[in-house]
Structure formats: C-alpha cells, structure tokens
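Read through the structure below, which is laid out as structure tokens, and then see the notes.
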Amino acid sequence: MSLLTGSANAVKYTLFGFNLIFLITGIILIAVGAGVGAVFNDYEDFLVGKFFSIPTFLIVIGAFIIVITFFGCWGALKENYCLILSFSIMLFIIFILELAAGISGYVLRNDAYNLIDAKLNQSMSSYSNMPVNDVTKLWDVVQRNFDCCGINNATDWSDHLKDNQLPLSCCKIQYGTIGTFSCLQSTYNEDMNTHLGCLKGFSDYIANHAVSLGAAGVVIAIIQFFGVIFACYIAREIKIRNGITGFI
C-alpha cells in the first residue's frame, strides 16, 4: 500500500518517469563519448591527452547513470527511504561531474587551436617516406580530407623538404594522370589544394566535436538537477509518513 497521497504520489510516479529519462540520458552520454572519442582517435598523433579524457569521462558517467537508475526506479516504486536517499546523493554527485565535464568540453574548444598548432609543428619534422610512419600517413589524411597544405600555408614544409617539394597530398592529382607527378611550391601550381593551411579547418573540426561533449554534459546535468529535487522531495515525504528521524 502506498504511503504517499495527493501531490507526493504524483511526484513519485514523475520520479519514476524521470528515471526512464535518466536511463536514456546515460545511453546518450555513452554514445556521445564513444562517437567523439572515435573521431579523436583517428587523429591521435595530432591531439593531446585531454582530448581523450573527456569522452572517456562521459562514457564512465553514462554507465554509472544506468546503474543508479535502478536504485531510483526501485526506490520510487517501493517507496523505500534509504534507496531514494542514496539515489538522490548519487544523482547529485553525477550532476556535479556532468557539469564539470560539460564545462571542460567548452574549455577544450577554446584551447583546441593552440593545442593543435603545437602538435602540428611538433609532428612536421617526423614526415618521411623512408620509411612511411603513422605521422606521415596522418598528415596525408588531414591534407586530403581538409583540402589544405601545411600548418598555415605550403611554405611550412620548406624547413623539412628540399627543393620546394611538397607532400603529394598537398596537390590534387588530376584524373588521367600517368607516370610521375610532382607537387611543388609555386604560385602557378594549379593543382595545389584550395585552402592554404590545415590548422584552421582541422582545429575547427576538432573544436566542434569538443562542443558536443560540453553540450551533452551541461544539458543532461540540467535535466538531472530536477531529478535531484524530485528525489529529495519524495525521500522527505516518505520519512515524514514513516516517522523516520535523522538525515533530511
């Protein structure tokens, strides 16, 4: 038999409904963290560690939400004071962690340009075709995908390659090209990639994904804040009707 009546009983079932929403938000956090993490992993050599810590953090939070959702559902249905109180405390901790992850995502977006600039400058000297290494492959991938050359422009390669030579990924190899093909720094080279440097386009691409981490953390944290309020209210009502003394 339910100990709660009227508005408290309605809030109880609202809390149960919120738990279902929390379950979905936990899955969303895992999906966002895994998706953005996979994008960042494709460019691992050009990114610093903090680009990978936030997606991992969101995945852990999402998994934790799924676990504690069962506390909330069971506690709401059984009107169990201890379970709902435990759920409220854990949900508040999750709220703080999500808010921190969300803010970190926005901070990471603002820092992306400078962090990536440093990594690109550091990696340029490792470009080599004898043997071809992971950095070489990634530079070619970035220059082709973002239709760019060098960090700020093609002259960035002058300190690393001889005779005005450029990586072939700096140029568009025209259809029907047979035999050898040279990609050289020249104002008359019509085969050069459209954009001057890769830093702007690549850092914007990474920053936009960092924003999705921040948005997911902040928006879901706001939703869960209302869950904390509901849970605390239900715990208080059950405590009053059971004559429980002590906390809350």
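One-based numbering along the sequence shown.
For Pro55 against Gly33, the heavy-atom pair with the smallest separation is CB-O, 3.3 Å. Taking all atoms of both residues into account, the shortest heavy-atom contact from Val32 to Ser212 is CG1-O, 4.1 Å. When all heavy atoms are compared, the tightest approach of Tyr106 to Gly214 is CE1-C, 3.5 Å. Shown here for Ile68 and Phe87, the closest heavy-atom pair between the two residues is O-CD1, 3.3 Å.
Summarising the geometry, atom CD1 belonging to Ile24 is positioned 11.0 Å from atom CD1 belonging to Ile66; distances are rounded to the nearest 0.5 Å. Note that OG of Ser128 and CG of Leu161 are 9.5 Å apart. Values are rounded to the nearest 0.5 Å. Once rounded to the nearest 0.5 Å, the distance linking CD of Gln224 with CD1 of Ile94 reads 7.0 Å. Note that CZ of Phe57 is 9.0 Å distant from OG of Ser53, once rounded to the nearest 0.5 Å. A distance of 13.5 Å separates CG in Leu108 from CD1 in Ile103, rounded to the nearest 0.5 Å. Ser104 contributes atom OG, which lies 13.0 Å from atom CZ of Arg109 (distance to the nearest 0.5 angstrom).
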Using the side-chain contact (heavy atoms from CB on, under 4.5 Å) rule, take Leu115 and Lys50 through it: C-alpha gap first, then chi angles, then the decisive distance, then the call.
-> CA-CA 10 Å; Leu115 292 172; Lys50 63 173 64 178; 3.8 Å; yes
side-chain contact (heavy atoms from CB on, under 4.5 Å) evaluation trace for Leu91 with Phe225 | CA-CA 8 Å; Leu91 199 61; Phe225 177 74; over 6 Å; no
In sequence, state the C-alpha distance, the side-chain angles, and the governing distance for Asp147 and Lys172, and then conclude on salt bridge (charged side-chain N to carboxylate O under 4.0 Å, His left out).
-> CA-CA 9 Å; Asp147 193 21; Lys172 299 180 181 69; 3.1 Å; yes
Worked verdict on Leu29 versus Ile59 for side-chain contact (heavy atoms from CB on, under 4.5 Å) = CA-CA 6 Å; Leu29 282 180; Ile59 292 173; over 6 Å; no
Determine, step by step, whether Asn19 and Leu23 satisfy the side-chain contact (heavy atoms from CB on, under 4.5 Å) criterion, reporting the C-alpha distance in whole Å, the side-chain angles of both residues, the deciding distance to 0.1 Å, and the verdict.
-> CA-CA 6 Å; Asn19 272 279; Leu23 179 63; over 6 Å; no
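Using a 4.5 Å cut-off on side-chain heavy atoms (C-beta onward), Lys119 and Val48 make contact. Counting heavy atoms from C-beta on, the side chains of Asp117 and Ser203 never come closer than 4.5 Å. Between Glu98 and Ile65 there is a side-chain heavy-atom pair separated by less than 4.5 Å. Residues Leu120 and Leu199 have side chains in contact (heavy-atom distance under 4.5 Å, counting atoms from C-beta outward). Looking at Val39 and Tyr205, their side chains come closer than 4.5 Å, going by heavy atoms from C-beta outward. No side-chain heavy atom of His209 sits under 4.5 Å from any side-chain heavy atom of Phe51.
No single ILVMFWY cluster, assembled from side-chain heavy atoms under 4.5 Å apart, contains both Val36 and Ile30. A single hydrophobic cluster is seen to contain both Leu138 and Phe40, as judged by linkage of ILVMFWY side chains at heavy-atom distances under 4.5 Å, directly or through other members. The hydrophobic clustering, which links ILVMFWY residues whose side-chain heavy atoms are closer than 4.5 Å, places Ile223 and Phe226 together. A chain of hydrophobic side-chain contacts below 4.5 Å, direct or via other Ile, Leu, Val, Met, Phe, Trp or Tyr residues, connects Val219 to Ile28. Following chains of ILVMFWY side-chain contacts shorter than 4.5 Å, one can reach Phe95 starting from Phe64, so the two form part of one hydrophobic cluster.
Within the 6.0 Å centre-distance limit, the rings of Tyr43 and Phe202 are counted as a close aromatic pair.
Side-chain atoms of Asp156 come within 3.5 Å of backbone N or O of Asn152 as a donor-acceptor pair. Here the side chain of Thr136 pairs no donor or acceptor atom with the backbone of Tyr127 at under 3.5 angstrom. No donor-acceptor pair closer than 3.5 Å links the side chain of Gln143 to the backbone N or O of Cys198.
Side chain to side chain, Ser123 and Trp139 meet the donor-acceptor criterion of an N or O pair below 3.5 Å.
Legend: residues meeting side chain to side chain contact (heavy atoms under 4.5 Å, CB included) with Asn41, ordered by chain and number and at least two apart, are Phe52.
Evaluation of the salt bridge (charged side-chain N to carboxylate O under 4.0 Å, His left out) test over residues 202-226, restricted to residues two or more places apart or in two chains, returns Lys200-Asp204.
SG distance check for Cys149 and Cys170: under 2.5 Å.
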